[in-house]
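Report on the following structure.
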Amino acid sequence: MRRTVVAAEVSAELDWDYEAVDERVRRLYDRARHAQWSVEDIDWSIEVPFGAPLADDSAFAMSAFRESPMARRGRPMWDAFRWELQSWMVSQFLHGEQAALVVAGRLVETVPDLDSKMYAASQAVDEARHVDAFSRYLAEKVEHPYEVSEPLHQLLRDILSDARWDVTALGMQIMVEALAMAAFRLAERTFHDDLIKDITRLVARDEARHVAFGVLSLGGVYGELTTAERVEREELVLQAASLIRRRFLLDDVWQRLDIDQHEGTEFARRHQLMIAYRQAIFSRVGLALRQIGLMTERVRDGLAGLGLLGVSLGRLDGR
């Protein structure tokens with residue numbers, strides 16, 4: 001899978017009113033200007049001992065290993081899984097950041113007000129830097145990165161194929177970016193080398209602004225839609241959430257580890273540790289949906305049915 005082309009006919013919108021429309025967006029833009037960092041600020045000499053033995057996880061995680069299809073291959077398989085999961089996660093970060101770069105460029109063209117265009121332009125710079133950092137990490141430190149997972153690929157195609165700016169922003173700024181932000185913040189506890197922890201710490205600061213921009217730009221939109229238009233956005237959220245859940249069944253990782261696909265996905269689908277991980281990284285998406293007024297009863301019931309509601313970032317260790 002070397003290239004994806006998504007056709008979408010979008011309308012460019014120019015705003016000749018140069019007075020600030022929303023001071024909050026302007027302040028966010030100012031923060032973005034002052035918070036720029038360089039990939040060269042990262043210490044790339046930090047060693048990444050990919051595949052090396054790891055210390056035991058929490059009691060919750062070690063219990064999950066003993067109940068998993070990996071257990072019969074011995075304790076080293078748990079370490080191999082943890083390293084491969086990190087490689088897979090960082091690879092998907094990279095693919096998502098490239099799509100976010102494209103989306104930010106599109107938002108410059110399609111959002112209706114100048115403040116939002118200026119902020120989206122600053123976000124495009126952030127996303128380019130994230131692509132640079134993650135691609136360098138994978139190229140220099142990981143021997144076998146992963147291609148874009150099919151559920152993420154489908155989600156990104158869906159986001160990019162819709163010409164409406166609010167749908168593009170909802171898909172990327174809320175569903176993809178908020179999920180990534182939560183995953184970045186979990187990296188300190190779930191990743192295994194200091195270099196990727198440093199990178200995700202820097203990227204998470206940028207992502208917090210990106211999600212905030214999504215919340216600000218969409219906050220007043222959904223109360224003004226017709227019932228049919230609102231239902232359409234609810235459906236988009238639920239379709240995106242379904243793809244996110246399918247993505248975290250980890251088909252690609254089980255294949256890489258030569259674990260039976262059905263056994264692996266059933267473990268990921270049903271074990272409380274894996275459910276808790278999905279719920280933890282989805283928690284920021286749920287908060288953003290509430291902030292923009294899209295955590296409706298229908299959406300809440302749908303997310304609960306997918307098993308994506310319940311665990312906060314602070315409760316992943318099972319205590």
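It should be emphasised that the depicted structure is a prediction, and the values quoted were computed from it without experimental measurement.
- Under the 4.5 Å side-chain heavy-atom criterion for Ile, Leu, Val, Met, Phe, Trp and Tyr, Val103 and Leu101 are members of distinct hydrophobic clusters.
- Judged by distance alone, the side chain of Ser135 and the main-chain N or O of Val131 form a donor-acceptor pair under 3.5 Å.
- A cation-pi arrangement is not found for Arg106 relative to Trp165, the charged atom failing to lie both closer than 6.0 Å to the ring centre and inside a 45° cone about the ring normal.
- Under a 3.5 Å cut-off, the side chain of Arg246 and the backbone N or O of Pro151 do not form any donor-acceptor pair.
- With values rounded to the nearest 0.5 angstrom, Asp158 atom CG is found 11.0 Å from Thr168 atom OG1.
- Side-chain polar atoms of Tyr137 and Asp193 form a donor-acceptor pair below 3.5 angstrom.
- With hydrogens and angles left out, the side-chain atoms of His210 and Glu207 include a donor and acceptor closer than 3.5 Å.
- Between Asp126 and Arg205 the shortest side-chain heavy-atom distance does not fall below 4.5 Å.
- Salt-bridge formation is detected for the pair Asp198/Arg201: a Lys NZ or Arg NE/NH1/NH2 atom is positioned less than 4.0 Å from an Asp or Glu carboxylate oxygen.
- A 4.5 Å side-chain heavy-atom check between Leu250 and Phe267 finds every atom pair outside the cut-off.
- In this structure, Asp22 pairs ionically with Arg24, as a charged nitrogen and a carboxylate oxygen lie closer than 4.0 Å.
- A salt bridge between Arg26 and Glu19 is absent, with no side-chain N of the basic residue lying under 4.0 Å from a carboxylate O of the acidic one.
- Around the CD atom of Glu297, the shell of radius 6.0 Å holds no more than 12 heavy atoms that belong to other residues, nucleotides or ligands.
- A distance of 9.0 Å separates CG of Leu216 from CZ of Arg27, quoted to the nearest 0.5 Å.
- Using modelled atom types and a 3.5 Å distance limit, the side chains of Gln123 and Gln173 yield a donor-acceptor pair.
- In this structure, the side chain of Lys117 engages the main chain of Glu13 through a donor-acceptor pair within 3.5 Å.
- Of all non-hydrogen atoms in Val125 and Gln36, the two that sit nearest each other are CG1-OE1, 3.5 Å.
- With Tyr222 as the aromatic partner, Arg230 does not meet the cation-pi criteria of under 6.0 angstrom to the ring centre and within 45 degrees of the ring axis.
- When only modelled atom types and interatomic distance are considered, Asp113 and Ser116 share a side-chain donor-acceptor pair under 3.5 Å.
- Between Ser91 and Leu138 the shortest side-chain heavy-atom distance falls below 4.5 Å.
- A salt bridge links Asp206 and Arg129; the closest N-O separation between the charged side-chain nitrogens and carboxylate oxygens is under 4.0 Å.
- Here Arg136 pairs with Glu40 in a salt bridge; the nearest charged N to carboxylate O distance falls below 4.0 Å.
- Rounding to the nearest 0.5 angstrom, the gap separating the CG atom in Leu236 from the CG atom in Asp162 is 7.5 Å.
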Apply the test side chain to side chain contact (heavy atoms under 4.5 Å, CB included) to residues Phe282 and Arg245: give CA-CA distance (whole Å), side-chain angles for both, the deciding distance (0.1 Å), then the verdict.
CA-CA 9 Å; Phe282 199 82; Arg245 177 180 179 273; over 6 Å; no
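- In this structure, Ser87 and His144 approach most closely via the heavy-atom pair OG-O, 3.7 Å.
- With rounding to the nearest 0.5 Å, the separation of OG in Ser11 from CZ in Arg164 is 12.5 Å.
- At distances below 3.5 Å, not a single donor-acceptor pair connects side-chain atoms of Ser242 with backbone N or O atoms of Gln239.
- Residues Phe65 and Asp57 are not in side-chain contact: their nearest non-hydrogen atoms beyond the backbone lie 4.5 Å or more apart.
- With salt bridges taken as basic N to acidic carboxylate O contacts below 4.0 Å, one links Arg233 and Asp166.
- At a threshold of 4.5 Å between non-hydrogen side-chain atoms, the residues Arg247 and Leu243 do not count as touching.
- Under the 4.5 Å side-chain criterion, counting only non-hydrogen atoms from C-beta, Met70 is in contact with Trp254.
- Remark: the Glu147 side chain and the His153 side chain contain no N/O donor-acceptor pair separated by less than 3.5 Å.
- A donor-acceptor pair under 3.5 Å is absent between the side-chain atoms of Lys141 and the main chain of Phe50, judged by distance alone.
- Checked by atom type and distance alone, the side chain of Gln92 pairs as donor or acceptor with a backbone atom of Ser149 at under 3.5 Å.
- Here the side chains of Met89 and Glu84 are not in contact, with every heavy-atom distance at 4.5 Å or above.
- Residues Trp88 and Phe248 place their aromatic rings such that the two centres sit under 6.0 Å apart.
- Here the CZ-CD1 distance, from Phe134 to Ile196, works out to 5.5 Å after rounding to the nearest 0.5 Å.
- Between Ala182 and Arg284, the shortest heavy-atom distance links the atoms CB-CB, 4.0 Å.
- Applying the 6.0 Å contact sphere to CD of Glu234 captures more than 12 heavy atoms from other residues, nucleotides or ligands.
- Looking at Gln272, Arg270, His271 one by one, the single match for side chain to side chain donor-acceptor pair (under 3.5 Å) with Glu67 turns out to be His271.
- Ion pairing between Arg75 and Asp56 holds under the 4.0 Å rule for side-chain N and carboxylate O.
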Taking it one step at a time, do Ile292 and Val221 satisfy side chain to side chain contact (heavy atoms under 4.5 Å, CB included)?
CA-CA 8 Å; Ile292 65 174; Val221 170; over 6 Å; no
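- The environment of Glu235 atom CD is dense: over 12 non-hydrogen atoms of other residues, nucleotides or ligands sit within 6.0 angstrom.
- Between Trp83 and Phe191, the ring center distance fails the sub-6.0 Å criterion.
- Judged by the 6.0 Å distance and 45° axis criteria, Arg33 is positioned over the aromatic ring of Tyr29.
- Phe93 contributes atom CZ, which lies 9.5 Å from atom CD of Gln86 (distance to the nearest 0.5 angstrom).
- Scanning both residues, Val215 and Ala288, for their nearest heavy atoms gives CG2-CB, 4.3 Å.
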